[in-house]
Amino acid sequence: MQRRLLLGLTAAALAAPSILRAQGAWPDRPIRLIVPWAPGGSTDTIARLFQARLGAILGQPVVIENRGGASGAIGAAEAARAPADGSVWMFQYDNEAANQTLMRLTYRTLEAFAPVSLVATGPLAMVAHQSTPFRNFQDVVAAARREPDRWNYATSGAGGLAHISTTLLQQQNNFKLTHVPYRGGGPAVTAAVANEVPLFMTNVVIVSQHIRAGTLRPLGVTTRTESRHVPGTPSFAQQGFGDFEAPTWWALFGRAGTPQPILDRMHAAITQAVNEPEVKARIEEQGCDVLGSSPEECRRFVAAEIERWGQVIRQNDIRADS
């Protein structure tokens, strides 16, 4: 018994320096930030706006790794396999909540990850190419009721919040649009600007410049009331489509089991980075609101999103290829 106790104490003593290094000297190497989306989308755009400042605060470079595919699930699965030592983090989009019901994943978000911060939130917007006759979303609904299935709308992927929320909007208001999913926000916005598809439901971040240029016309937003990021565009609720609300969001996650001092330091660093005036202004001018929430607020929010949109997915039999 004494020999086993001595061996245990010796092992603990040998492990202590590495634990202290992980918790006290972290980070001692460049930090990998997995963005589970292709370059050019909103998640990638926002990450690159705080990337340099976050690295400066932590004293190590933050290296963004784009791991797109399967509506964010491929990159998220890679992040879920990472060691819980603070070397790898994930910056994810709202699809993460829907994927929990939509897909057969190798992980569960709130078991595999430690929520760090709900970094930003904002409206989704339905936009139309300038060549279309639509001036507001009521025009779209009227056209869709006259000619069901004629009008297509794009999203960044099947089963994402843009797809699910539009499905709910159709279900609640008795009209039908045809969904055209793309492999990420970058390809989708390219198609919308080229008028390959007349309508596009998306976060404002990746279309704000095209709205300002007049190429894409905003028809409605998913916030409860008009959003300051799309001035002059009423919400769907304000246009008579019920008590409809579906904000988009971006959050930072670490691996579950990461030592608490590392999680605490990353939370403090990301909160500082995104709230510094220059960084905050650059993010918000893209079309969203910086939050920098607490880890517990982030966990509660993501859990509620998983439950809410999971119900819509099941009720409408939405699938990853729909």
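Values in this document were obtained by computation on a predicted structure and should not be read as measured data. If you read the sequence from its start, that first residue is 1, and numbering goes on from there.
Other residues sharing a hydrophobic cluster with Val221 under the 4.5 Å side-chain heavy-atom criterion for ILVMFWY residues are Val204, Val230.
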Check your understanding: Passes side chain to side chain contact (heavy atoms under 4.5 Å, CB included), Phe253 versus Val302? Steps please.
Key -> CA-CA 11 Å; Phe253 297 85; Val302 172; 4.1 Å; yes
Review point. Given the rule in the side chain to side chain contact (heavy atoms under 4.5 Å, CB included) test, do Glu296 and Arg300 qualify, once you have shown the distances and angles that lead to the verdict?
Key: CA-CA 6 Å; Glu296 185 52 37; Arg300 287 197 301 267; 3.1 Å; yes
Exercise for review: Could you walk me through whether Glu78 and Val88 pass the side chain to side chain contact (heavy atoms under 4.5 Å, CB included) test, one step at a time?
Suggested key: CA-CA 10 Å; Glu78 180 179 341; Val88 180; over 6 Å; no
Practice item. Step by step, work out the side chain to side chain contact (heavy atoms under 4.5 Å, CB included) result for Leu168 and Ile164. Key: CA-CA 6 Å; Leu168 181 61; Ile164 300 168; 5.7 Å; no
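In this structure, Leu177 CG and Asp149 CG are separated by 9.0 Å, a value rounded to the nearest 0.5 Å. Interatomic distance, Leu263 CG to Ser117 OG, rounded to the nearest 0.5 Å: 12.5 Å. Here Leu102 contributes atom CG and Trp309 contributes atom CH2; the two are 13.5 Å apart, rounded to the nearest 0.5 Å. With rounding to the nearest 0.5 angstrom, the CD atom of Gln92 is 8.0 Å from the CZ atom of Phe113. For the atom pair Thr167 OG1 and Ile318 CD1, the distance stands at 4.0 Å (nearest 0.5 Å). In this structure, OG1 on Thr190 lies 9.0 Å from CD1 on Ile206, to the nearest 0.5 angstrom.
Heavy atoms of other residues, nucleotides or ligands lying less than 6.0 angstrom from CZ of Arg183 number 12 at most. Within a 6.0 Å radius of CZ in Arg228, other residues, nucleotides and ligands contribute more than 12 heavy atoms.
Val140 is not listed as a side-chain neighbour of Trp151, based on a closest heavy-atom distance of 4.5 Å or more. Within the 4.5 Å cutoff, the side chain of Pro115 has heavy atoms near those of the Leu110 side chain. Counting only heavy atoms from C-beta outward, the side chains of Met103 and Ser71 approach each other to under 4.5 Å. Taking 4.5 Å as the limit, some side-chain heavy atom of Val119 sits within range of a side-chain heavy atom of Phe91.
Remark: Asn152 pairs with no residue by the side-chain hydrogen bond (donor to acceptor under 3.5 Å, both in side chains) rule, at least two apart or across chains. Applying the salt bridge (Lys or Arg N to Asp or Glu O under 4.0 Å) criterion to Arg150, with sequence neighbours excluded, gives Glu147. Partners of Asn136 by side-chain contact (heavy atoms from CB on, under 4.5 Å), not counting sequence neighbours, listed by chain and number: Gln138, Asp139, Gln239. Annotation: side-chain contact (heavy atoms from CB on, under 4.5 Å) contacts of Ala154 (sequence neighbours excluded): Tyr182, Val197, Phe200. Remark: Ala112 pairs with Ala80, Tyr107, Arg255 by the side-chain contact (heavy atoms from CB on, under 4.5 Å) rule, at least two apart or across chains. Applying the ring-ring contact (aromatic ring centres under 6.0 Å, His included) test to Trp89 and every residue at least two apart in sequence or in another chain returns Trp26. By the ring-ring contact (aromatic ring centres under 6.0 Å, His included) test, Tyr153 is found to be paired with His179, residues two or more places apart in sequence or in another chain being considered. Listed by chain and residue number, Glu307 satisfy the side-chain hydrogen bond (donor to acceptor under 3.5 Å, both in side chains) test with Gln311 (two or more places apart in sequence, or in another chain). By the side-chain contact (heavy atoms from CB on, under 4.5 Å) test, Phe301 is found to be paired with Leu118, Trp249, Glu305, residues two or more places apart in sequence or in another chain being considered.
The two residues Leu252 and Leu33 come nearest to each other via the heavy atoms CD1-CD1, 3.7 Å. For the pair Val290 and Glu284, the tightest heavy-atom approach, listed with the atom from each and the gap, is N-OE2, 2.8 Å. Closest non-hydrogen pair, Trp37 versus Ser156, comes out as CZ3-O, 4.2 Å. Taking all atoms of both residues into account, the shortest heavy-atom contact from Ala162 to Ser165 is O-OG, 3.3 Å. Nearest approach of Asp85 to Thr258, heavy atoms of both residues: N-OG1, 4.3 Å. Among all heavy-atom pairs drawn from Val63 and Pro30, the shortest one is CG2-CB, 4.3 Å.
Hydrophobic cluster membership differs between Ile31 and Ile34, with clusters built from Ile, Leu, Val, Met, Phe, Trp and Tyr side chains linked at under 4.5 angstrom. Hydrophobic cluster membership differs between Val180 and Val207, with clusters built from Ile, Leu, Val, Met, Phe, Trp and Tyr side chains linked at under 4.5 angstrom.
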Distance-only donor-acceptor hits, side chain of residues 120-134, under 3.5 Å, sequence neighbours excluded:
unit_1 : atom_1 : unit_2 : atom_2 : d
Thr121 : OG1    : Thr248 : O      : 2.7
His129 : ND1    : Ser131 : N      : 3.1
His129 : ND1    : Ser131 : OG     : 2.9
His129 : NE2    : Val193 : O      : 3.4
Ser131 : OG     : Asn195 : ND2    : 3.1
Thr132 : OG1    : His129 : O      : 2.9

Under 3.5 Å, which donor-acceptor pairs link side chains of residues 49-59 to any protein atom two or more places apart or in another chain?
unit_1 : atom_1 : unit_2 : atom_2 : d
Gln51  : NE2    : Val62  : O      : 2.8
Arg53  : NE     : Glu276 : OE1    : 2.5
Arg53  : NE     : Glu276 : OE2    : 3.1
Arg53  : NH2    : Glu276 : OE2    : 3.3

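One N or O on the side chain of His229 and one on the backbone of Cys288 form a donor-acceptor pair closer than 3.5 Å. Of the possible donor and acceptor atoms, one in the side chain of Ser235 sits under 3.5 Å from a partner among the backbone N and O of Arg224. In terms of modelled atom types and a separation under 3.5 Å, the side chain of Glu65 and the main chain of Arg32 share no donor-acceptor contact. When atom types are taken as modelled, the side chain of Gln100 and the backbone of Gly310 share no donor-acceptor pair closer than 3.5 angstrom. For the pair His163 (side chain) and Met201 (backbone), a donor-acceptor distance under 3.5 Å is absent. In terms of modelled atom types and a separation under 3.5 Å, the side chain of Thr222 and the main chain of Glu245 share no donor-acceptor contact.
With ring centers used as reference points, Phe175 lies under 6.0 Å from Phe137.
Ser42 and Trp250 are linked by a side-chain donor-acceptor pair at a separation below 3.5 angstrom, with hydrogens and angles left out of the test.
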